[in-house]
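Any value given below was found using the heavy atoms of this structure, including those in side chains, with hydrogens, waters and symmetry copies removed. Throughout, protein chains are lettered first and strands after them, A, B, ... in sequence-line order, and every chain is numbered starting at 1.
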Amino acid sequence: MSASGSSKCERIVRVLSSHYGKIPWWPGDTDEVLIGAVLTQQTRWENVEQALLALKERNMCTLSALHGAEPVNIEDAIRCTGFYRVKTKRLKELAQHITEQYGGIQGMNPRPTQELRRGLLGVYGIGAETADSILCYGFNRTSFVIDAYTRRICICLGIVAKGEELKDLFEHVLPEDNSAYRQTHAHIVEYAKEFCGKNRCEECILKNSGE
DNA sequence: GACCAGGTCCTTG
DNA sequence: CAAGGACATGGT
């Protein structure tokens, strides 16, 4: 009889938290988080940072600036993140959605999380991970981010839930506290970079710590 | 030169 | 519904 998905999730949260403690993750104002969330799709964060700098140098690192910018100028700034044409289109769509629906980022603050999430998921190029990253790191909401690392680790540990089910599992286990959501996702990424994909799976702390 | 990166969308079987 | 391809640059 193997442990249930939720007790395995609970253990992931607990073990990683005691191992890594508090770590800084995804700093920046709301505009930067929104833009970074799109740019980091299938892309290393170091490349995203360069693109954010390039956007800042051009005074284009805000959603309203991107809303009015020429696509070619956005493309030039974000080329180093790859997929630069589709990402430019996605940023434009996101800026348009927020401007039209809420009159800007400020207008989103009073709205409930689920309403914001539905709206974001309706935008071309914004899927579950990007939407939840925006909500969790940009608007301090309790919306848990499921990324490729999280899926990989959960499969590795025999957790069968996937997609929205996996998100629900973690959200039932976590306290209703944004910093817990941030930290747990940060821990998972940190852990995955350290142990997954480098043939170090067998020494990983989740498999070897007790039980 | 091959392979992958903090996804998403579209097309096929 | 699962699987495969497209989107593109930069690092290992």
Side-chain angles (χ1 to χ4, degrees), chain A residues 12-13 16 20 23-28 30 32-55 71-98 116-141 143-156 160-167 170-171 174 178-201 204 206:
Chain A
I12 293 174
V13 172
L16 294 188
Y20 291 111
I23 56 181
W25 196 255
W26 213 326
T30 303
E32 267 184 72
V33 172
L34 278 141
I35 296 166
V38 171
L39 295 184
T40 198
Q41 291 173 348
Q42 194 66 18
T43 303
R44 296 172 194 281
W45 183 252
E46 301 78 66
N47 295 340
V48 174
E49 286 184 315
Q50 286 185 33
L52 290 175
L53 279 178
L55 287 170
V72 66
N73 292 329
I74 302 176
E75 290 176 3
D76 281 344
I78 71 171
R79 181 163 283 113
C80 62
T81 68
F83 304 134
Y84 59 88
R85 289 195 201 91
V86 291
K87 284 176 180 174
T88 293
K89 182 162 162 36
R90 291 171 183 185
L91 287 170
K92 279 289 200 181
E93 300 267 348
L94 181 60
Q96 185 175 352
H97 164 71
I98 290 176
L116 295 179
R117 189 167 196 270
R118 276 193 297 277
L120 289 169
L121 290 177
V123 177
Y124 170 81
I126 307 293
E129 180 178 342
T130 308
D132 291 326
S133 296
I134 288 171
L135 292 169
C136 183
Y137 293 99
F139 291 94
N140 301 319
R141 305 303 177 96
S143 199
F144 193 71
V145 179
I146 302 292
D147 61 7
Y149 289 152
T150 313
R151 284 187 215 98
R152 205 179 303 170
I153 290 171
C154 287
I155 289 172
C156 197
V160 287
K162 39 191 174 184
E164 294 287 312
E165 291 176 5
L166 202 47
K167 174 177 155 73
F170 276 97
E171 292 188 351
L174 287 166
N178 172 254
S179 70
Y181 276 57
R182 292 177 172 254
Q183 284 294 307
T184 299
H185 177 241
H187 292 155
I188 286 175
V189 176
E190 204 60 25
Y191 169 84
K193 286 185 172 175
E194 192 174 345
F195 292 108
C196 303
K198 290 181 183 173
N199 293 329
R200 293 184 58 195
C201 201
C204 72
L206 281 176

Just checking A:Arg151: base, sugar-phosphate only, or nothing, at a heavy-atom cut-off of under 4.0 Å? nothing
What distance, rounded to whole Å, do you find between the two C1' atoms, one in B:dG6 and one in C:dA2? 23 Å
In whole Å, I'd like the distance from the CG atom of A:Leu91 to the P atom of C:dC7. 19 Å
In whole Å, what is the span from the CG atom of A:Asn47 to the C1' atom of C:dT9? 7 Å
What are the 5'-most and 3'-most nucleotides of DNA chain B lying under 4.0 Å from any heavy atom of chain A? B:dC4 to B:dC9
Identify whether any heavy atom of A:Arg85 sits under 4.0 Å from a base atom; if not, whether one sits that close to sugar-phosphate; answer base, sugar-phosphate or nothing. sugar-phosphate
Side chain A:Thr43, main chain A:Thr81, donor-acceptor under 3.5 Å: yes
Where A:Leu120 and A:His97 come nearest, the two heavy atoms and their spacing: N-NE2, 4.0 Å
Residue closer to the 5' end of DNA chain B, A:Val123 versus A:Ser133 (nearest nucleotide): A:Ser133
In whole angstrom, what separates A:Glu165's CD from C:dC1's C1'? 13 Å
If the cut-off is 4.0 Å, is A:Arg79 near the phosphate of C:dA8, judged by side-chain N/O to OP1 or OP2? no
Is the shortest side-chain heavy-atom distance between A:Arg141 and A:Tyr181 below 4.5 Å? no
Grab the CD-P distance between A:Gln50 and C:dG10 for me, whole Å please. 8 Å
Partner of A:Glu93 under side-chain contact (heavy atoms from CB on, under 4.5 Å), picked from A:Val38, A:Thr88, A:Val123, A:Ile98, is A:Val123
Just checking A:Glu129: base, sugar-phosphate only, or nothing, at a heavy-atom cut-off of under 4.0 Å? sugar-phosphate
Partner of C:dG11 by Watson-Crick or G-U wobble geometry, both contacts under 3.5 Å, or none? B:dC3
Considering every strand and a 4.0 Å limit on heavy-atom distances, what is the contact class for A:Thr130: base, sugar-phosphate, or nothing? sugar-phosphate
Please measure how far the P atom in B:dC10 lies from the corresponding atom in C:dA8, and state the result in whole Å. 15 Å
Map A:Tyr124 and A:Val189 onto DNA chain B by nearest heavy atom, then report which one ends up closer to the 5' terminus. A:Val189
Between A:Trp45 (CH2) and C:dG11 (P), how many Å, whole number? 16 Å
So what does A:Ala37 touch, heavy atoms closer than 4.0 Å: a base, only the sugar-phosphate, or nothing? nothing
Could you give the CG-to-C1' distance, from A:Asp76 to C:dT9, as a whole number of Å? 14 Å
Which listed nucleotide (C:dA8, C:dA2, C:dT9) is nearest to the side chain of A:Lys162? C:dA2
Identify the two heavy atoms, one from A:Gly36 and one from A:Trp26, that lie closest to each other, and give their separation to 0.1 Å. C-CZ2, 3.8 Å
Counterpart residues, salt bridge (charged side-chain N to carboxylate O under 4.0 Å, His left out), relative to A:Glu164 (two or more places apart): A:Arg117
Donor-acceptor contact below 3.5 Å, side chain A:Lys89 vs main chain A:Tyr124: no
Taking atom C1' of C:dA8 as reference, at what distance in whole Å does atom CZ of A:Arg90 sit? 12 Å
With heavy atoms under 4.0 Å as the rule, sort A:Tyr149 into base, sugar-phosphate or nothing. sugar-phosphate
By salt bridge (charged side-chain N to carboxylate O under 4.0 Å, His left out), which residues pair with A:Lys92, not counting sequence neighbours? none
Between C:dA6 (P) and A:Gln41 (CD): distance, integer Å: 19 Å
